[in-house]
**Q** 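Have a look at this one.
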Amino acid sequence: MASHVTELKLNNIKVKYGSATLLDNLCGNFTRGQLNLIVGRAGSGKSTLLRTIAGFHKEFSGSIMADDKAFDPSGNISLVFQNPEALFFNGSVGEEVGYALKMRGVLPDEIECTSKKWLQQWGLDPECCWHRHPLELSGGEKRRLALAACTVFLPPVVLLDEPLAGLDVKGQHALADMLKAMATDHIVIVVTHEPEALMTDSSSLLYLRSGCGLWFTPETFLYQALSESDFFPLPHWYSSAVTPFREKPALPRLEAGAVHKFIQEWRRADADKL
Amino acid sequence: MQISYKPGSGLLHRLNPLTKGTVAFAAIIFFSVNNLSGAVIATIIAGFLLICKLSGVALLDVIMSIRRIGLLLVIVALIQGFSVDGFNPMLAVEAVLRIVGVFLVAGVYLTISSQSELTCFWEACFRPLALIGFPAREFALIMVIAVRFFPVILGEIERIRMAQIARGARLNGGGLLSSATALMPLMIPTLTQAVIRAGELAQAMEARGYRVSAQRTRYQRFRFGFIDLIAASVPLLIFYYLLRPFMSE
């Protein structure tokens, strides 16, 4: 169950629904050690791409390679949809998180030990919640339990569809930090409408539009979004603050502190010049 | 291809919901129990499709959906076609045409009837039962909501299925008991979500002022016009045709 795959390569992925082409010759890499974000408007094919990688959408042409071998998704992926807490069906948190291990034939003692460790990793205290019903937890705890339950078997590839939806800002930040930590050992691919909450310097962004995929680094993505209003709606505060400096060689992250520091530095530099 | 309401302004679309429902149900009964020859049934189906076409009904989805019952048609043809004298293809064709007729009528009815029209028809069907205290309007609403949410629930089941399989769930057990146990990861979340959704919908309806006992007006008022009068003759003719053998006795 250890995570060995370091790179997932898409080769000319083409997906059609009837006569409409949803993804057209999509190429590129998702790698371990960074958050791989997929953004785009509704209906651009984000979720379809996830399903294709997960092996649930079989009508496609092209190939998906894992470290230069054909990727077999069976047992190697975790697929987490929006509101994953809807998957709960066991009577206790312990059973819920240990289910994936039980189905893989892991011994009961080992299940308990691994599950408790994994719960801790996701910020849940196993001593407090082990025997509680999953639906008794708070919204943020439920989300973390659901993600823990979906990833406890350490799949090499973790696919998440809008994992931050419905969480408050604090919960979003906490979850984003956990996903970033997870990305060090797994290939984490996240479909999101809120890339700002997940974007780090080491992220990669796949922007889907009209069947085509454009790959960006966070910086090139922000430049593109600032220069093309139709491309991606950046938060108004960010656009207003950064637009006067968009000719500068680097843009700050989508974070108030980073933007403040960036503006201060450039103002100081401009003042020094004068 | 999914059969669903397609707005239009043709003759059939403009019919009163009660007329549409009555004609559709009469036609379904007619196709189910008539003893006409295959050629006559085929002619009636062709005539029906021609009227639909002239009325601007989107027939493509309905016709393409016949593929879904392909297996059923084959089985029925085989069962009905065999008689003591061997296989009679005419009997097989007649049986298939009857089912196709029922399917086409039902498909066209759903294509030309909006949700409010369906509610109106169901309400009218249950209204006589209101005399004995049956909550006709509420029951009609329940049925329409159930139909409306069916695709949503199916989508939900598919999402849960994929996620549970990715977790390691094996959803197909061997025997009856093991099959039921294997389906738990799918059934419990689906039912939980359905109950949550029902609760949310109830709250949303109450928040918009829906009260069970309140007298309410209609957003759309359906009129009974001259064209409905002509269409109403169709079920009368059908019932006359079906009851004719009993009348002559």
Side-chain angles (χ1 to χ4, degrees), chain A residues 1 17-19 47-48 50-58 73-91 95-106 111 133-135 142 145-163, chain B residues 1-4 6 58-68 111 149-174 177-201 203-204:
Chain A
M1 282 187 287
Y17 269 121
S19 59
S47 300
T48 304
L50 275 200
R51 287 168 196 217
T52 306
I53 296 170
F56 290 111
H57 188 92
K58 297 189 192 301
S74 176
N76 289 320
I77 55 121
S78 173
L79 183 60
V80 184
F81 286 110
Q82 199 177 349
N83 302 324
E85 46 275 18
L87 299 175
F88 296 153
F89 70 101
N90 286 291
E95 284 173 328
E96 195 63 59
V97 79
Y99 174 74
L101 297 172
K102 187 178 151 195
M103 295 311 287
R104 284 165 173 78
V106 180
I111 290 177
H133 194 281
L135 298 179
K142 273 188 213 163
L145 169 62
L147 288 167
C150 289
T151 54
V152 66
F153 58 101
L154 304 179
V157 180
V158 179
L159 309 164
L160 303 114
D161 197 347
E162 296 188 45
Chain B
M1 295 286 175
Q2 201 171 5
I3 298 174
S4 59
K6 309 268 184 322
L59 280 173
L60 186 69
D61 285 356
V62 181
I63 292 171
M64 293 302 275
S65 295
I66 292 177
R67 285 184 305 180
R68 291 183 186 177
T111 306
F149 272 84
F150 201 64
V152 179
I153 302 282
L154 280 183
E156 192 85 35
I157 290 174
E158 185 57 15
R159 278 181 347 114
I160 292 170
R161 188 186 71 85
M162 286 191 276
Q164 298 290 37
I165 289 173
R167 274 174 85 184
R170 287 184 284 272
L171 301 174
N172 45 350
L177 190 66
S178 51
S179 291
T181 315
L183 280 174
M184 286 300 166
L186 189 62
M187 296 306 291
I188 294 177
T190 307
L191 285 173
T192 311
Q193 286 306 300
V195 170
I196 292 171
R197 222 177 263 280
E200 286 171 352
L201 180 67
Q203 282 177 0

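All heavy atoms count here, side chains included; hydrogens, waters and symmetry mates do not. A note on names: the letters A, B, ... follow the listed sequences, proteins ahead of strands, and every chain is numbered from 1.
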**Q** State, to 0.1 Å, how close B:R159 and A:R51 come at their nearest heavy-atom pair, and which atoms those are.
**A** CG-NH2, 3.8 Å
**Q** Below 4.5 Å, heavy atoms only, C-beta onward: do B:T192 and A:F88 meet side chain to side chain?
**A**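 Answer no - side chains too far apart.
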**Q** How many angstroms lie between atom CG of A:N83 and atom CD1 of B:I196, to the nearest 0.5 angstrom?
**A**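 Here the rounded value is 9.5 Å.
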**Q** Drop me the distance from A:L159's CG to B:M162's CE, to the nearest 0.5 angstrom.
**A**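 Here the interatomic distance stands at 11.5 Å.
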**Q** Using 0.5 Å steps for rounding, measure from the CD atom of A:E96 to the CZ atom of B:R167.
**A**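 Result: 4.5 Å between the selected atoms.
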**Q** With rounding to the nearest 0.5 Å, note down the distance linking CZ in A:F89 to CE in B:M187.
**A**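 A:F89 CZ to B:M187 CE: 13.0 Å, rounded to 0.5 Å.
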**Q** State the CE-CG distance between B:M184 and A:N90, to the nearest 0.5 angstrom.
**A**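 So the gap between those two atoms works out to 11.0 Å.
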**Q** Among A:A54, A:A149, A:G55, which has the most heavy-atom pairs under 4.5 Å with chain B?
**A**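 Highest number of pairs under 4.5 Å: A:A149.
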**Q** Might you point out which heavy atoms bring B:P189 and A:A86 nearest each other, and give the distance in Å?
**A** CB-O, 2.9 Å
**Q** Working to the nearest 0.5 angstrom, can you tell me the gap between B:R161 CZ and A:F56 CZ?
**A**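 Atom-to-atom, B:R161:CZ and A:F56:CZ are 6.5 Å apart.
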